[in-house]
Amino acid sequence: MSKENTQILKQRREKADALANLGVNLYSNTFKPANRIKELLPKGEHLVAEAQDETNYTYSVAGRIMSMRKFGKAAFFHLVDNSGRMQVYIKKDSLGDEIFATFKKWDIGDIVGIEGKLFKTKTGELSIMADKLVMISKSLRPLPEKFHGLTDVETRYRQRYVDLIVTPESQETFRKRVEIVRLMREFLANRGFMEVETPMMHPIPGGATAKPFKTHHNALDMDLYLRIAPELYLKRLLVGGFERVFEINRNFRNEGLSTRHNPEFTMLEFYQAYATYHDLMDLTEELISWLSDEVNGTMEIEYQGTKVNLAPPWKRMTMDEALIEVAGINPADLNDPDRVMALAKEKGIQLEEQAGPGKAKTELFELLVEEKLIHPTFVTSYPTEVSPLARRNEDNPDVTDRFELFVTGRELANAFSELNDPVDQLRRFEKQIAEKGDDEEIHSELDVDFVRALEYGMPSAAGEGIGIDRLVMLLTDSPSIRDVILFPHLKAEVLKQTKKKKNKKKSVPKDV
RNA sequence: GGGUCGUUAACUCAGUCGGUAGAGUAUCUGCCUUUUAAGCAGAGAGUCGUGCGUUCGAGUCGCACACGACCCA
């Protein structure tokens, strides 16, 4: 990691001091750019090389200096603002000796304001001939090299601000992320969904099976858990009469990190009364294919070298069908609970004592099928055993009216027709708690209030969760979840301390 | 938790058999008023991730640790 007293940093500070001594405000807050670079570019389109803008209008722009070519009495540099990039031409003649002397202390990385007139250079690049210069923020640290940029991923994650300055692809990814979320809200709002905010701190973590983060409220003297899912609160709103609700916000899971897992991640959850999981499959393929088209201009995308066709309709198959068709399992084996269990053992799957054939089947699916589902595929009929909140299928109580969506071998969404029978719900909670009872880290407590809510009557409904981070990964061709989260979690950075002449011991005040 | 790889100048990277640390960019100085990876000449810049060990001698070999990447659980 970077050291804090290097030659290059000293030089930058000395330069800043020299500039201040010339009477320049290094951090002025008076310059207000009247123009954005993007809107200037068309204004000079018609000009030929070496021609001046005939209107002779003075424009003003502000931004960061990203490259610099200095001569003895002139210079070119590129200025970048939020909208684009443009060349500025500086001439000693037109600025005067004093101003030009201060300009000589400008560096790549400085944020500056420019006023001037448009012209085209010999090589035909539209530029601003500066007649006024304002230092807005003097940069004290050098930017990464102009040609290779910043390639060290650790620095890109830890110092995302530098990454955003010098890596246009990174900027583009996060712009797309913002756009995807904005479009999602628009899509759902257009269908009558209302966006709500439910608690992030839960007295009882529920709605999923995961290890929660624990915290404590001092005034109430009670433990709280960062939510692992908003599901049980959103369903309470269905009880309350809000028929279409959604929430886009963070979930927290105290588990491992990987290219697909960040301890906090963003989830869209939405619930629609009087709908079934079939309705949500229609809605999901419409939503995601539309998002791809809006953001990438196509439904046929490439993810890490693999072509993926997001154009509807998408494949729909039951878990049994997937095991038979994709994994080549004998249908007879799937209908016999003992043979399912045996098959799982055969494939090296280690099952917990309480696990039944539903769990075994799901594990087989995860092992043998998941990674092979490249194009979007809805897998339905999940075993009831692994779906404690989903409605049982009317014809076969062993499976639920549930689907998960897989794209590029990864789970992207999970949805089901909701269980609204309070008696069944209570039974399933009790069973779930009995099974997880030995795992202290998975906090098991029956959410009595949720059952009470169901007892008031929750309309038939279907609900779904879509992992936003993974969706953004797919639509931006990003290999790691850290590439789509602005500030991903890493271990604490060990900053190298500059050696001091004496290590003064800090006096530690004793507790009185 | 296990395995593999990585960590050298501000950035991007070389560094042979273990023998006094290299380049490009950036920076500084000089020249340079249409350049755009500007150019020419010169200069400075390093606790080689940290620690211990082997050795006459370690960026290089060994061990431990830290951080990161990928794979596996």
Side-chain angles (χ1 to χ4, degrees), chain A residues 1-16 18 47-52 65-80 85-97 99-100 103-110 116-131 139-159 162-163 165-167 255-261 304 347-350 363 366-367 371 409 478-483 488-500:
Chain A
M1 289 281 94
S2 56
K3 292 150 209 153
E4 295 305 308
N5 206 21
T6 62
Q7 180 202 37
I8 206 152
L9 291 181
K10 280 183 198 156
Q11 279 174 342
R12 281 254 170 159
R13 287 193 293 263
E14 283 163 12
K15 222 175 181 184
L47 297 175
V48 298
E50 291 186 89
Q52 305 276 330
I65 299 175
M66 291 302 289
S67 67
M68 181 77 88
R69 293 168 292 284
K70 283 182 180 171
F71 302 85
K73 300 183 180 70
F76 290 91
F77 61 83
H78 273 103
L79 194 69
V80 170
R85 182 185 119 109
M86 185 174 196
Q87 184 169 259
V88 177
Y89 182 45
I90 300 281
K91 244 181 8 173
K92 193 176 182 181
D93 286 356
S94 46
L95 292 170
D97 290 2
I99 303 286
F100 193 78
F103 166 74
K104 286 214 147 186
K105 305 249 178 256
W106 284 20
D107 290 306
I108 293 170
D110 292 349
K117 297 176 176 64
L118 295 180
F119 77 107
K120 262 193 185 164
T121 63
K122 265 184 190 168
T123 54
E125 179 168 351
L126 184 72
S127 309
I128 291 191
M129 179 92 69
D131 45 44
S139 169
L140 298 179
R141 286 177 187 266
L143 289 175
E145 192 221 353
K146 61 186 168 189
F147 196 52
H148 298 92
L150 189 60
T151 63
D152 180 67
V153 290
E154 185 174 352
T155 310
R156 291 185 50 208
Y157 297 152
R158 287 196 197 279
Q159 295 181 257
V162 180
D163 181 41
I165 292 170
V166 299
T167 318
E255 294 173 354
L257 286 74
S258 79
T259 48
R260 291 175 301 264
H261 299 88
Q304 301 297 296
K347 299 285 181 189
I349 294 167
Q350 295 191 344
E363 295 272 341
E366 284 174 12
L367 181 70
E371 63 176 15
S478 301
S480 169
I481 197 169
R482 297 178 198 104
D483 297 322
H489 284 284
L490 299 174
K491 283 200 187 180
E493 179 180 10
V494 183
L495 278 173
K496 268 192 194 169
Q497 297 294 320
T498 315
K499 276 219 168 165
K500 286 170 188 165

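Only a predicted model underlies this, so the values are computations on that prediction, with no experimental measurement involved. We name chains A, B, ... by the order of the sequence lines, and we start the count at 1 in each one.
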Exercise. Does a side-chain heavy-atom distance below 4.5 Å link A/W106 with A/I65?
Worked result: yes

Exercise. Who pairs with A/K347 by salt bridge (Lys or Arg N to Asp or Glu O under 4.0 Å), at least two apart in sequence or on another chain?
Worked result: none

For this session: Among B/U34, B/A10, B/G68, find the nucleotide with the atom closest to the side chain of A/V153.
Result: B/G68

Problem set entry | Gap between atoms CG and C1', on A/L490 and B/A66 respectively (whole Å) | 14 Å

Exercise. B/A58 and B/G51: how far apart are their P atoms, nearest whole angstrom?
Worked result: 14 Å

Problem set entry | Counterpart residues, side chain to side chain contact (heavy atoms under 4.5 Å, CB included), relative to A/R85 (two or more places apart) | A/H78, A/V80

Exercise. Looking for any heavy atom pair under 4.0 Å, which part of the strands does A/F119 touch: base, sugar-phosphate only, or nothing?
Worked result: base

Problem set entry | Any residue meeting side chain to side chain donor-acceptor pair (under 3.5 Å) with A/Q304, in chain and number order, not counting sequence neighbours | A/D477

Exercise. If you check every side-chain atom of A/K73, which of B/C11, B/U34, B/U33 has the closest atom?
Worked result: B/U33

Exercise. Between B/U27, B/U12, B/C67, which nucleotide has the shortest distance from any of its atoms to the side chain of A/Q11?
Worked result: B/U27

Seminar exercise, completed: d(A/R141 CZ, A/L9 CG) to nearest 0.5 Å is 5.5 Å

For this session: Could you list all the salt bridge (charged side-chain N to carboxylate O under 4.0 Å, His left out) pairs where at least one residue sits in residues 118-131 of chain A, not counting sequence neighbours?
Result: A/K117-A/D131

Problem set entry | Watson-Crick or G-U stems involving RNA chain B, each at least 3 pairs long, distances under 3.5 Å, ordered by first number | B:1-7 with B:66-72, B:10-13 with B:22-25, B:27-31 with B:39-43, B:49-53 with B:61-65

Are any protein N/O atoms closer than 3.5 Å to N/O atoms in nucleotides 70-73 of chain B? If there are, list each pair with its distance.
residue: B/C70; atom: OP2; partner: A/R482; partner atom: NH1; Å: 3.3

For this session: Using the P atom as the reference point in each nucleotide, state the distance between B/G49 and B/G59 in Å, no decimals.
Result: 10 Å

Exercise. Between atom CD1 in A/I165 and atom P in B/A26, what is the gap in whole Å?
Worked result: 17 Å

Exercise. Between A/D107 (CG) and B/A10 (P), how many Å, whole number?
Worked result: 17 Å

Filtered N/O pairs between nucleotides 1-6 of chain B and protein, under 3.5 Å:
none

Problem set entry | In B/C11, glycosidic geometry as syn within 90° of 0 or anti otherwise | anti

Seminar exercise, completed: A/R482 meets the salt bridge (Lys or Arg N to Asp or Glu O under 4.0 Å) criterion, sequence neighbours left out, with none

Exercise. Using the P atom in both, what is the distance from B/G24 to B/G1, to the nearest Å?
Worked result: 44 Å

Problem set entry | Contacts of type side chain to side chain donor-acceptor pair (under 3.5 Å), residue A/Q11, not counting sequence neighbours | none

Just the atom pairs and distances: protein N or O near nucleotides 13-15 of chain B's N or O, under 3.5 Å.
residue: B/C13; atom: OP1; partner: A/T151; partner atom: OG1; Å: 3.4

Exercise. Between B/U12, B/U33, B/U34, which nucleotide has the shortest distance from any of its atoms to the side chain of A/H148?
Worked result: B/U12

Problem set entry | Proximity to the side chain of A/E145 - top-ranked nucleotide from B/G24, B/U27, B/A69 | B/G24

Exercise. Touch check for A/K10, heavy atoms < 4.0 angstrom, all strands: base, sugar-phosphate only, or nothing?
Worked result: nothing

For this session: Tell me, please, which residues at least two apart from A/D110 pass salt bridge (Lys or Arg N to Asp or Glu O under 4.0 Å).
Result: A/K138

Problem set entry | Whole angstrom value for the distance that separates C1' of B/C31 from NZ of A/K70 | 15 Å

Exercise. Which whole number of Å gives the distance between the P atom of B/U50 and that of B/A43?
Worked result: 29 Å

Exercise. So, do A/F71 and B/U33 meet the stacking rule of ring centres under 5.5 Å and planes under 30°?
Worked result: no

Exercise. Closest to the A/T121 side chain: B/A69, B/A10, B/U34?
Worked result: B/U34

For this session: Can you label the angle between the A/F71 ring and the A/F76 ring as parallel, tilted or perpendicular, going by 30° and 60°?
Result: perpendicular

Problem set entry | A/K92 vs A/D97 side-chain heavy atoms within contact, under 4.5 Å | yes

Problem set entry | Residue-phosphate contact under 4.0 Å: A/R156 side-chain N/O, B/A69 OP1/OP2 | no

For this session: Give A/L143 one of three labels, base, sugar-phosphate or nothing, depending on what nucleic acid heavy atoms sit under 4.0 Å from its own.
Result: nothing

Exercise. B/U33 and B/G39: how far apart are their C1' atoms, nearest whole angstrom?
Worked result: 14 Å

For this session: State, yes or no, whether a side-chain contact exists between A/D483 and A/Y157 at a heavy-atom distance under 4.5 Å.
Result: yes

Exercise. For B/C67, does either OP1 or OP2 sit under 4.0 Å from a side-chain N or O belonging to A/K491?
Worked result: yes

Exercise. Is a side-chain N or O of A/R12 found less than 3.5 angstrom from the main chain of A/S139, in a donor-acceptor match?
Worked result: yes

Exercise. What integer number of Å spans the C1' atoms of B/C32 and B/A9?
Worked result: 28 Å

Exercise. In terms of side-chain heavy atoms of A/F76, which of B/U35, B/C28, B/A10 is nearest?
Worked result: B/U35

For this session: Report the distance from atom OG of A/S127 to atom CG of A/L79, rounding to the nearest 0.5 Å.
Result: 11.5 Å

For this session: Would you kindly check whether a donor in the side chain of A/Q87 faces an acceptor in the base of B/U35, or vice versa, at under 3.5 angstrom?
Result: yes

Seminar exercise, completed: Rounded to whole Å, the NZ-C1' distance (A/K104 to B/C28) equals 13 Å

Exercise. Among A/D163, A/V162, A/V166, A/T151, which one satisfies side-chain contact (heavy atoms from CB on, under 4.5 Å) with A/R156?
Worked result: A/D163

For this session: Check the distance between B/A10's C1' and A/I108's CD1 and give it to me in whole angstrom.
Result: 12 Å

For this session: Between B/G2 and B/C65, how far apart are the P atoms? Round to whole Å, please.
Result: 9 Å

Problem set entry | Inter-nucleotide C1' distance (B/C28, B/U16), Å rounded | 34 Å

For this session: Between B/U27, B/G68, B/U33, spot the one nearest the side chain of A/R158, thanks.
Result: B/G68

Exercise. Just how far is it from atom CG of A/L490 to atom CZ of A/R158, taken to the nearest 0.5 Å?
Worked result: 4.5 Å

Problem set entry | Separation of B/U27 P from A/L9 CG (nearest whole Å) | 13 Å

Problem set entry | Residue met sooner reading RNA chain B from 5', once A/R12 and A/G124 are mapped to nucleotides | A/R12

Exercise. Which residues pass the side chain to side chain donor-acceptor pair (under 3.5 Å) test with A/E50, sequence neighbours left out?
Worked result: none

Exercise. Whole-Å distance between B/G39 C1' and A/R69 CZ?
Worked result: 13 Å

